[in-house]
Amino acid sequence: MSYTDVEFMICQAARLLEDNKTVFVGWGMPQVVALLAERLYTPNITQVFEFGAIGPQSRTPFLRGTMGGPQNTYRSLQWCSMGLAFSYAQAGYIDYGMLGAAQIDKYGNINSTMIGDDYERPKVRFPGSGGGNEVASYCWKTIIVMNHEKRRFVERCDFVTSPGHVMDGKTREEYGLPKGTGPWRVITSKAMFDFDEETKVMRLIAVREGLSVDDVVNDMGFRPVIADDIKVLEPPTEEELRILRDEIDPYRLVIGK
Amino acid sequence: MEILEKGDAEFYFMDPDDFREYVRDRKNRNWEDKLMDESEAVRKFVDDGDYLAYDFSSLTRGPQSLIREIIRQRKKHLWICAKFTLLESVLLAGAGCVDRIDVGFLGFGPYIARKVQNGEVKVYDWSNGSITYRLIAGAMGIPFIPARDLLGTDTFKKSGALAVEDPFTGKPVALMPALNPDVAIIHVQEADIYGNARVYGPTVATLETAMASKKVIISAERIVETIEFRKEPNMTIIPYYLVDAVVHAPFGAYPGGTQGYYEMDSEHYLMLSSIREEEDMQRYLEEYIYSVDSHEEFLEKRIGVRKLKELVRKAQILEGYR
């Protein structure tokens, strides 16, 4: 069965989440990941949204653009403020965070702000942090999901919007970020990475079925650590694709065509 | 306390004692009828050069009739707080109302991106959380608030935050300066004529924004009797003495939705968010804002009862919203 790159990434991410945990969910693809996980793997996961929805049982089909509206906040456990939602995370209550990125570097710093050398006159300007900085700062384990393109994997991000493990020679703990947090997995359209315990450099741990390590690494702007045992990422199952296509995103707003 | 690192951005700031004096002398504690229309409220309470904050988003319960009125009155040199926003910043920038934007989330699309790239608007990068914490500090009447976000990023360097050694743990911590906007505009489901207000659904920073701001305009889908608040005091989000003006604005969040009342107009929203060129933006502003005199005329002549009826029909989920 054929599938899109986005479907591939969504399924990998959904399989990583654990049941009976909390997850901070950002806009767009992470919402779809959380919905799929809830349907198939983690029925008791509690989703947390920055605008102040805790534990909704979101209605499907997923409608892009109605983030704080009735569909996505249906049957929440709590409606609260943004200050409180982020404080849950800052106080350590949120296990997982999920983010996208325009650029990432080898320590997992991510850029969602701008491309170019001149901050005042960017070549490309993106929306900025949103709540991404808080997710990456506070959640125990942050999962980053992004398309695998050479230009997105860089030695140093043009702008570090949200923190990885090490920036400009200092560790996140040295900067004052909460202990024991940080990017945990990076899922791309070609591979999955974690971070080397010692050096905190991104480490390739699995590749998409049919791809070699070289296929993955040649499409990166830096050299990751390569794990001794490289696993193969199982493609989306028929059940995952059926639920994604028939129930969650029938208009294919996120999963693509 | 040793300053370890300092962001280099200018930031809007008011000494808490100055804010307190403003509150003492200018915030109206009289039980008086503050009902007025958008035009009067914006004329009285939004000035050129103001720092403007708004609550929730352009998708949900955003104060869009007030945003349009600010544009209609061609306010200038605003500095806006885009903490969780999508299209307000795009429209205000398109209309030339805005010079500076504190960014949590800048807003969508190539149009606003180009305004930044050309240097037509200046952005200061914060994050949704740090801006919210700044408003909380402003609402608490304290000069700053410590937090553990922004650290170890370029976002920090381009913000107005400081990193210091925390005297309790000895670890670095970020300090966010309090934010006390000149004016806040907030759309709610229900308010009385005095400004008591409540919202249903998630709140983002409804209370913090109102409490921290010098002038507050509330727009409401429905005006209710004060007894409604006394019957369910847990539900009161904003007490009347924070509020300067109350605008009765049915469909006030259009093209966004308001929970329990109507859904967002996805088509209009998509049309607006796909605007790229300056002339298309100016055509939009002319057609939907400048060429009508009021929110009522906008609804009547540009949107129409048929469309509004459709959006009301779509809003079938009521749990939690009444």
Side-chain angles (χ1 to χ4, degrees), chain A residues 49-53 59 63 65-71 73-76 79-83 85-86 89-90 109 111 113-114 116 119-134 136-138 157-164 166-167 170-178, chain B residues 56-57 59-61 83-84 103-108 112-114 116-119 122-123 125-130 132-133 135-136 147-155 158 163 166 171-174 200-208 257 259-260 263-264 266 269-270 315 317 319-321:
Chain A
F49 289 87
E50 63 173 341
F51 50 80
R59 287 251 189 122
L63 296 175
T66 60
M67 184 142 185
Q71 288 268 128
T73 61
Y74 189 64
R75 299 223 157 151
S76 296
W79 285 331
C80 66
S81 67
M82 181 174 271
F86 284 131
Q90 185 166 234
N109 296 296
N111 179 5
T113 302
M114 50 81 73
Y119 174 75
E120 303 292 332
R121 292 283 187 281
K123 272 194 226 148
V124 185
R125 173 72 211 200
F126 302 116
S129 162
N133 180 280
E134 284 74 27
S137 298
Y138 299 152
C157 290
D158 291 2
F159 190 99
V160 174
T161 310
S162 305
V166 177
M167 187 183 82
K170 267 168 76 174
T171 67
R172 58 188 280 135
E173 235 185 290
E174 287 167 343
Y175 279 107
L177 288 160
Chain B
F56 222 101
S57 82
L59 302 172
T60 310
R61 198 174 56 71
K83 68 176 177 296
F84 178 71
V103 170
F105 193 91
L106 175 63
F108 273 137
I112 186 79
R114 201 176 56 230
V116 176
Q117 287 153 11
N118 295 344
K122 184 156 176 48
V123 291
D125 275 285
W126 298 79
S127 60
N128 284 349
S130 55
T132 303
Y133 288 143
L135 288 165
I136 290 171
R148 305 180 76 187
D149 46 356
L150 298 191
L151 295 160
T153 63
D154 292 321
T155 314
K158 292 300 174 191
D166 164 17
K171 297 173 186 174
V173 68
Y200 296 80
T203 59
V204 182
T206 310
L207 172 60
E208 299 90 316
Q259 303 100 315
E263 273 296 319
M264 66 180 285
S266 307
Y269 199 84
L270 196 66
I317 298 176
E319 276 182 30
Y321 302 131

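Computed from a predicted model, the values in this text were never measured in an experiment. Just so it is clear: chains get the letters A, B, ... in the order the sequence lines come, proteins before strands, and each one is counted from 1.
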Turns out that what part of T113(A) lies under 4.5 Å from chain B's heavy atoms comes down to side chain
Next item on the list: Could you tell me whether Y119(A) and F159(A) have their ring centroids closer than 6.0 angstrom?
Entry: yes
Whatever's closer than 4.5 Å to a heavy atom in chain B on R121(A) counts as both
Closest non-hydrogen contact found for Q117(B) with R125(A) is NE2-N, 3.0 Å
Turns out that what part of N118(B) lies under 4.5 Å from chain A's heavy atoms comes down to backbone
Most contact-rich option vs chain B, by heavy-atom pairs under 4.5 angstrom, among S137(A), G130(A), G176(A), is G130(A)
If one checks every heavy atom of S81(A) against chain B at 4.5 Å, the contacting part turns out to be both
Most contact-rich option vs chain B, by heavy-atom pairs under 4.5 angstrom, among A136(A), S129(A), G164(A), is S129(A)
The interface call for S76(A) against chain B, heavy-atom contacts under 4.5 Å, is neither
Distance only, no hydrogens: is a donor on one side chain within 3.5 Å (strictly under) of an acceptor on the other, for T132(B) and E208(B)?
-> no
Bottom line for E120(A): the part with an atom under 4.5 Å from chain B's heavy atoms is both
Chain B shares the most heavy-atom pairs under 4.5 Å, among G116(A), P127(A), G52(A), G131(A), with P127(A)
If one checks every heavy atom of V103(B) against chain A at 4.5 Å, the contacting part turns out to be side chain
Whatever's closer than 4.5 Å to a heavy atom in chain A on L150(B) counts as both
So, the part of F51(A) with a heavy atom under 4.5 Å from chain B: the answer is both
Honestly, the part of A174(B) sitting under 4.5 Å from a heavy atom of chain A is neither
One option among I112(B), L106(B), D149(B) has the most heavy-atom pairs under 4.5 Å with chain A, and it is D149(B)
Under 4.5 Å to a heavy atom of chain A? For F56(B) that would be side chain
Would one find more than 12 heavy atoms of other residues, nucleotides or ligands at under 6.0 Å from atom NZ of K170(A)? yes
Residue from T171(A), N133(A), N111(A), V166(A) scoring the most non-hydrogen pairs under 4.5 Å with chain B is N133(A)
Judged by modelled atom types alone, do S127(B) and S130(B) share a side-chain donor-acceptor pair under 3.5 Å? yes
Given W79(A), F49(A), F86(A), Y175(A), the one with more heavy-atom pairs under 4.5 angstrom with chain B than any other is W79(A)
